[in-house]
Amino acid sequence: MLETDTFKLHCFQTLTGIKFVVLADPRQAGIDSLLRKIYEIYSDFALKNPFYSLEMPIRCELFEQNLKLALEVAEKAGTFGPGS
Amino acid sequence: MSRPAPRKPEYHKINKDLFVLTYGALVAQLCKDYEKDEDVNTYLDKMGYGIGTRLVEDFLARSCVGRCHSYSEITDIIAQVAFKMYLGITPSVTCNNSSRNEFSLILDKNPLVEFVEELPAGRSSLCYCNLLCGIIRGALEMVHLAADVTFLQDRLKGDSVTEIGITFLKKLDEKKYRRKK
């Protein structure tokens with residue numbers, strides 16, 4: 001994890017070598033569970049799409065929709081530290 | 001303005017027979033398309049490989065297994081977690097050599113062959129479930145482990161048990177790794 005005054009960069013690496021990187025507000029909570037949730041969404045909506053080729057950019061509608069929902073849930077989880 | 005509720009993971013149950021019949025239709029079609037058993041086996045393995053490279057992420061995301069430290073641990077996880085998760089069966093594991101890189105999965109039950117009585121005439125070398133070998137091989141390759149996976153024994157061929165052999169070859173170099181098609 002990389003931390004600066006304006007953002008925190010979280011990286012989650014899977015056993016297969018795939019890296020999920022999230023840039024977030026330093027006060028944002030719940031990034032670890034968000035990263036795991038993104039892994040699940042990737043394995044469901046990108047990998048299980050028979051027309052998606054591995055290592056290509058992901059242009060799958062369902063992937064984007066579910067990712068957006070997951071981000072909204074994470075944002076609701078709120079922040080910690082000095083309140084805004 | 002209300003937001004839609006977050007989607008919970010949905011595990012739709014589908015009819016197992018549909019899955020088994022679909023697999024059978026796949027093998028039957030391959031048998032029509034290719035005269036030689038070796039060709040059918042090769043294509044089943046290739047298809048399985050494609051599935052394995054994708055399925056491994058689903059497995060790792062959902063099962064939360066950690067990094068393994070031995071080939072024997074890996075084979076145990078394949079038998080007790082992966083097979084259980086995807087086929088509902090738990091093969092038993094044996095180690096076949098002293099260097100501990102050759103293992104066997106003994107399948108007591110196999111849902112894929114539920115409706116298959118015996119191999120058709122002229123198809124005595126067909127590995128009906130070779131898709132499974134490809135899946136295991138593809139999945140292992142994605143975690144940087146090269147392995148040979150084949151059927152050592154098959155009840156459909158008249159053997160007493162169905163046995164899948166996994167031979168771990170040397171560990172793939174992560175940096176130089178290139179996925180074979």
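Numbered from 1 within each chain, the chains take letters A, B, ... in sequence-line order. Just the heavy atoms: all of them, side chains too, but no hydrogens, waters or symmetry mates, feed the values below.
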Inset, instruction - Enter the distance from A/Leu47:CG to B/Leu55:CG here, rounded to the nearest 0.5 Å. - result: 9.5 Å
Do [X] and [Y] belong together in a cluster built from hydrophobic side chains that touch within less than 4.5 Å?
{"X": "B/Val65", "Y": "B/Ile136", "result": "yes"}
{"X": "B/Ile135", "Y": "B/Leu152", "result": "no"}
{"X": "B/Val93", "Y": "B/Val161", "result": "no"}
{"X": "A/Met56", "Y": "B/Ile51", "result": "yes"}
{"X": "A/Ile18", "Y": "A/Leu23", "result": "no"}

Inset, instruction - Consider only side-chain N and O atoms of A/Tyr42 and B/Glu57, and report whether a donor and an acceptor are under 3.5 Å apart. - result: no
Inset, instruction - Name the region of A/Ala46, side chain, backbone, both or neither, that has any atom closer than 4.5 Å to a heavy atom of chain B. - result: backbone
Legend entry - Over all atoms of both residues, closest heavy-atom pair of B/Val143 and A/Leu15: CG1-O, 3.8 Å
Legend entry - B/Met142 and A/Thr14: CA distance, side-chain angles, deciding distance, side-chain contact (heavy atoms from CB on, under 4.5 Å) verdict: CA-CA 10 Å; B/Met142 291 301 279; A/Thr14 68; over 6 Å; no
Legend entry - More than 12 heavy atoms of other groups within 6.0 Å of A/Phe12 CZ: yes
Legend entry - Any donor-acceptor N/O pair, B/Arg54 side chain to A/Lys48 backbone, under 3.5 Å: no
Legend entry - B/Leu60 vs A/Thr16 side-chain heavy atoms within contact, under 4.5 Å: yes
Inset, instruction - Return the option, out of B/Gly66, B/Ala139, B/Gly50, B/Ala61, with the maximum number of heavy-atom pairs under 4.5 Å with chain A. - result: B/Ala61
